[in-house]
Amino acid sequence: MTERNTSKLSLYQYDFCPYCLIVRRAIKRLGIDIEIRDTLKHPEYRQELIESGGKSQVPCLRIEKNGSVLWMYESTEIIDYLNRHFGQN
Ligand SMILES: N[C@@H](CCC(=O)N[C@@H](CS)C(=O)NCC(=O)O)C(=O)O
């Protein structure tokens, strides 16, 4: 089922990361609104990513669902997730 509520998603990333760019392009193509958290411009986001996600690697999609949080690393996995949840099918 197509879902439009993205309020529980945020993307940890930074501008000059090529893997982040392809995720940002997928977000744009899908026309969804996801909070972007730049880990270079905002060291507190990087710290949060390391402490809660487990590593500083970007992109990472933070998914908050039913009170629990999932930290999804890997651009291909993130794009698959977004296509599954927000793509038209
Ligand atoms: N296989 C990963 C590669 C991601 C990756 O290599 N990201 C780099 C930035 S382009 C990174 O996070 N390096 C470690 C760091 O910045 O702490 C993916 O497709 O998402």
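Both counts, for ligands and for their atoms, begin at 1 and track the order of listing. What you see below is based on every heavy atom in this structure, not just the backbone, and it leaves out hydrogens, waters and symmetry mates.
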Of the listed options Tyr19, Tyr73, Tyr14, Phe16, closest to atom 3 (C) of ligand 1 (non-hydrogen atoms) = Tyr19
Considering only heavy atoms from C-beta outward, does the side chain of Gln13 approach that of Asp38 to under 4.5 Å?
-> yes
Relative to the heavy atoms of Pro18, which atoms of ligand 1 are at a distance of less than 4.0 Å?
-> 10 (S)
Counting N and O atoms only, with roles assigned by atom type, does the side chain of Ser52 sit under 3.5 Å from a partner on the main chain of Leu49, one being a donor and the other an acceptor?
-> no
Could you list the atoms of ligand 1 found under 4.0 angstrom from a heavy atom of Ser56?
-> 15 (C), 17 (O)
Note the single closest protein heavy atom to atom 10 (S) of ligand 1, along with its residue, its atom name and the distance in Å.
-> Cys17 SG, 3.1 Å
Minimal non-hydrogen separation, Leu82 against Ile34, with atom names | CD2-CD1, 3.8 Å
Residues 71-78 side chain polar contacts: donor-acceptor under 3.5 Å, at least two apart:
{"residue": "Tyr73", "atom": "OH", "partner": "Lys55", "partner atom": "N", "Å": "3.2"}
{"residue": "Tyr73", "atom": "OH", "partner": "Lys55", "partner atom": "O", "Å": "2.7"}
{"residue": "Glu74", "atom": "OE2", "partner": "Gln57", "partner atom": "NE2", "Å": "3.3"}

Is Tyr45 close to Val58 at the side-chain level, that is, under 4.5 Å between some pair of heavy atoms?
-> no
Which atoms of ligand 1 have any heavy atom of Ser75 under 4.0 Å away?
-> 18 (C), 19 (O), 20 (O)
To which of Gln13, Gln57, Glu74 does the heavy atom nearest atom 1 (N) of ligand 1 belong?
-> Glu74
Counterpart residues, side-chain hydrogen bond (donor to acceptor under 3.5 Å, both in side chains), relative to Arg62 (two or more places apart) = Glu64
Backbone or side-chain N or O of Val58 under 3.5 Å from ligand 1 N or O = yes
